[in-house]
Amino acid sequence: MSKKLWALLVILLAFMLVLGACKGSENSSEGNTETTPKETEKEKEEKPEEKTEEPAETSEFPLIVDNEGEAIKGGTLKVALGTDSPFQGIFSWVLYEDGYDADIMAYSSNAIFATDGDFLVNDKGIATLEVDQANNKAIVKIREGVKWSDGEPLKIEDLILPYLIIGHPDYQGIRYDGDFQNIVGAVEYHDGKADTISGLKKIDETTLEISFQKLSPAIFSVGDGLWSYAEPNHILKDIPIGQLLESDAVRKNPVTLGAFKIDKIVPGESVQFVRNEHYWKGPAKLDGVLLKAVPSTSIAAAIQSGEYDMTAGSLPATKYPEVKDFDNITILAQPELSYSYLGFKLGKFDTVNGISVMDPNAKMGDVKLRQAMGYALDVEQVNEVYYDNLRSRANSLIPPVFKSFYDSSLKGYYYDKDKAIEILDGAGYKDTDGDGFRETPKGEKLEIKMAGMAGDAIAEEMAAFWMQNWADVGLKVVLSTGRLIEFQTFYDKVEVDDPEIDIYMAAWGTGTNPSPAGLYGKNAAFNFSRFTTPELDALLTAIDSPDAFDPAFRANAFREWQEYMEENAQVIPTQFRTAIYTINDRVKHYDVNYDTEFDLNEVELTADAPAKSTK
Amino acid sequence: MSVNVGNVKDINENIISSPPTGIQVIAREFKKDKLAMFSLIGLVTVILGIYVAAFFLDQETLMKVSLRDKFAEPGDKFFLGADQGGRSILAQLILGARNSITIALSVTIITGIFGIAVGLITGYFGGLIDNIFMRIIDFFITIPVLMIIIVFVVIIPKYNVVTFIFIMSAFLWVSTARLVRSKSLTESRRDYVNASKTMGTGDAKIIFTEIMPNISSILIVDMTLSFAGNVGLETGLSYLGFGLPQSVPSLGTLVSYANNPLILQEKWWVWLPASLLILLLMLAINYVGQAIRRSADARQRLG
Amino acid sequence: MWKTILRRVLVMIPQLFVLSLLIFILASFMPGDPFTGLITPESDPNRLEELREAAGFYDPWYVQYYNWIVNAAQGDFGKSYTYKIAVADLIGDRALNTFWLSLLSVVLLYLIAIPLGVLAGRYQDTFLDKTIVLYSFISYAIPTFVLSLIFLFLFGYQFHWFPTTGTVDIKYDQGSWGYIWSKIYHMLLPAITYAILGTTGVIQYLRSEIIDSKSMDYVRTARSKGIPIRKVYSKHIFRNSLLPIAAFLGFTITGLLGGSIFIETIFGYPGMGQLFVQSITSRDYSVITALVLLLGFLTLLGSLLSDIIMSIVDPRIRID
């Protein structure tokens, strides 16, 4: 008897210890601010109702933050890089592949162009751009007196080098692409027939002339093959291209042009930057930047306890509910250059001829069915509950951030269950066998297989919710392969037109060049829906035609294309995204505007350590 | 989840002097060890309760996502609160536990039957068959099982609970086979087997009516412990995201919410009940197993 | 003795061969390839084909296998598609991390388990003994991931006793004392967790050994000679009981390697277990295959090591 008693006692004690510890910690964190937790609780209760009446606008969030306080001298900015795997550490703009490396390199940037709010090159950067449309040429001029972080002056050779690396036969990266081949002589150089790229001409010590096969309006947003970063020729010229990836000049001590330079690296974990004394806008006010990789699940907790001043890159929107109550940060938001969408498989890619071929008998071939599925999705509720409206229902395939091409008057698809039911009824989709799901107009069973991407913290809930939405209008949708599919496999299956996939939910980043030809053209391998018509191709060609150098013409071409896409619904845009940034209260001033002139060398801190949240 | 299942050597403190018949000894052992008795009764009650409750629950309706109930706190609507998808934790606990137990039980039975058959046959006949199987068993022992299971789970094109059970079973029969082989090897050299042989009793009869009953308590111990191990493995794999598909309720998936420190701290109802349930299940099964093991040891010493 | 070891090593070769074949076949079934993740609207599908061609994706399987195994035998497992460095270099760093973590864990494990085991055995059936047995029982039953999460939360996030990311603080220079201490400090929490989870076997074994040896002749003789009980324990029983514990070492190490998948993933410690999980999600075949092969090899080594120690310690057990 006693044996049982003490055994139980010990087990209970052990649990209570654990429980008590959790409880205790809650108490202690609440103890500091006795009144506030109650308030937040109240807020929580009231919020859902408020929200439904008055959805928050992304514009509610500031783009700029100014914090009170005297700036300290120097100091180190602490930056968290939210990633679940060690970063790769390829610190070269021509070679890197992982977005995290780009987030890290942003602090030691090698960019030579500055762009305005429309992502067009302006004259505020190291280099300026002049376009000679008649002769298909671009002239790049660099400022005098710009120096690399090791004190060497920036030369035209440094601008030519990245082209020579990307085009080189030994180059192992992914940037030798169609755009790059648009540069005169790039293909010959890549095939080993020429020693250099004939389209690159050094005019004088500060001027580079680049010749292209053809030019489109994209050239102004650094498209068409133009490259926007410099590489230090004096360092890299002695390293064979094939060995660049492993070289110390890329991995350990890259020479850069930005406000900070890399001082020390613990591979995959942390990077220590120090002030670049040779920065062309003047040395930074901070002593340096310390960047550490933090698992994405614990990043909110780290921000809360004041371990970091900000995150490298943006914080995932799903983290917003976790950080919104912290009182040691200001949350800035910025619209993203991307959209989420629902795609329908309507054909196959003919790999021999490199064109999309539509299948007239495709399961999703009925445009009415596609439209109904678009109206059936309650994207609005997902945006509200999971994203606190940091994502909004997309009305077209052009994110609003492209002010000149975005058209808010487009209706797009929105949640309207009755409309979806009406369309389906009208198109002859009826439940004839009484199982609760509609059959096709021919009376056959209709089971739609959806491919969904795994990875996001709420991916599973969202997929389940979409399927419920469709079930509500009587459509049976199941997951391809019975589960969500991991990123790489997802695209692999979508790319090869896997018969297991009827519809898929994915997202595209548009880059700063919104031209949709690469995603929806007849020849585009990334036209995953495989929808193609002569009308569509004509609309796409118009967007990038020489006439489109006239902004009004281009805007109109975009509008016509968007309307056509909406009508045919081979892809239905679902969400526009907003990126959020958490800036700690000790950072004196920060600005995430796309067209800001604020630069990292101006960052100042007002305390020795980041502020902690009392909540 | 401990890795070295089977390395735990227990000693017998309760010397039992009555003549041994498996069930009696085990019953006696349980009577003596109140905690084991308590564990056994608790275990049976909980398992029965879970199955009965699960019988009345409809997985499809309960796994319906209800966004506005995201992380609902325990209260009137949800007795134990709701998870990220607004689904009742209590229902997931019951269904998840049922799934875990069903899977672990299936795996235990499959690996048990296969492992015992292989072990008995190789141990009894020896020679070439034994040699071939020993090479195969040796090979399986070199395999990093956890890793290979994960690889399999990832590459299976049509993935569901049944395939998951088979993947696990394919790699977990080895230790049973190995244990049974060594025991039946010693048994088959004993006099009573030789006597039977000389009397002309058939091999099958000797194996199943003479050797097997004699090692039955060891088999029970092994099955019990591997049952516990399988519960741990299933929840562990689900926790890592390589177990049950996410739409199927699982204890491991519930625990994995705790990866986020803020949920760990503020939303205990999501992960704590599942963790406790796993822990208690493991404790109870192991305790029962240990009690049986003690009785088995006693018999061997006396026999 | 040397002959039997040699024989064991020879037997390992076909085992490794079969394992490598199995791994290779599995890898070839994996959906997706490392290049599918690279697509963006700007990237050129032809370029991806070119890269696939260059990586040997279209060779017949036996050519691929032959190339892989021949290179692997020379320590060349190809290049990681994710990290763009040689797999051997990548695993080398991670394996070293896992090695140090395992070593620290084993040391802690024995530091915890040996005193507890001895105490439990010596004061058999007392309250102390029962507490220790119960502790060992709970630590055996508690799932790795539950304990790890709780420890990480309590000691990492709540009390801030231990760092929660990385393996070393960047402010120290490699090789300095600060650097070494910082490394150990970063490993301590996962190592303690590891150690606690693994103590059961050693405690129970040691406890029963000591209880057994109490009734052994040599103890009785020593006692009858009037040697004080304390000395009997420290000189005779303890030493005799400790030797077999050494044999656990091999198993403990292989056990640790398996458990590293959980521990390293949860504590964000960049070792082989974490690398494995990451490689699975990023479809980094060359890394997955190399890791499984390496782990298989280490498991073999571990069991060989155990057998050897066992045969030295206890000549009755012969290596078969």
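Chain naming here is simple, since letters A, B, ... match the order of the sequence lines and numbering starts at 1 in each.
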Worksheet item: Which bit of C/Tyr157 is near chain B, if near means a heavy-atom gap under 4.5 Å: side chain, backbone, both or neither?
Response: side chain

Worksheet entry | B/Arg98, CZ: over 12 other non-hydrogen atoms inside 6.0 angstrom | yes

Discussion item. A quick test of your reading: do over 12 heavy atoms of other residues, nucleotides or ligands sit less than 6.0 Å from CZ of C/Phe297?
Written reply: no

Practice prompt. Specify which of C/Val146, C/Leu16, C/Leu19 makes the most heavy-atom pairs with chain B at under 4.5 Å.
Written response: C/Leu19

Fill in: Working for side chain to side chain contact (heavy atoms under 4.5 Å, CB included), residues B/Leu264 and C/Leu152
CA-CA 10 Å; B/Leu264 188 78; C/Leu152 179 64; over 6 Å; no

Nearest 0.5 Å please: distance from the [atom1] atom of [X] over to the [atom2] atom of [Y].
X: C/Leu149; Y: B/Leu272; atom1: CG; atom2: CG; result: 11.5 Å
X: B/Leu240; Y: C/Phe262; atom1: CG; atom2: CZ; result: 4.5 Å
X: C/Phe153; Y: B/Leu262; atom1: CZ; atom2: CG; result: 9.0 Å
X: C/Thr200; Y: B/Asn286; atom1: OG1; atom2: CG; result: 9.5 Å
X: B/Ile148; Y: C/Leu295; atom1: CD1; atom2: CG; result: 9.5 Å
X: C/Ile150; Y: B/Trp271; atom1: CD1; atom2: CH2; result: 5.0 Å

Worksheet item: Where is the tightest heavy-atom contact between B/Gln290 and C/Phe137, given as atom of each residue plus distance?
Response: CG-CE1, 3.3 Å

Practice prompt. Determine the minimum heavy-atom distance between C/Gly296 and B/Pro144, stating which atoms define it.
Written response: N-CG, 3.6 Å

Discussion item. I'd like to verify something: which residue of B/Pro261, B/Gly241, B/Ser275 has the highest number of heavy-atom pairs under 4.5 Å with chain C?
Written reply: B/Pro261

Worksheet item: Where does the angle between the aromatic ring planes of B/Tyr239 and C/Phe145 fall among parallel (under 30°), tilted (30 to 60°) and perpendicular (over 60°)?
Response: parallel

Discussion item. Given heavy-atom pairs under 4.5 angstrom as the criterion, report whether the side chain, backbone, both or neither of B/Phe139 touches chain C.
Written reply: both

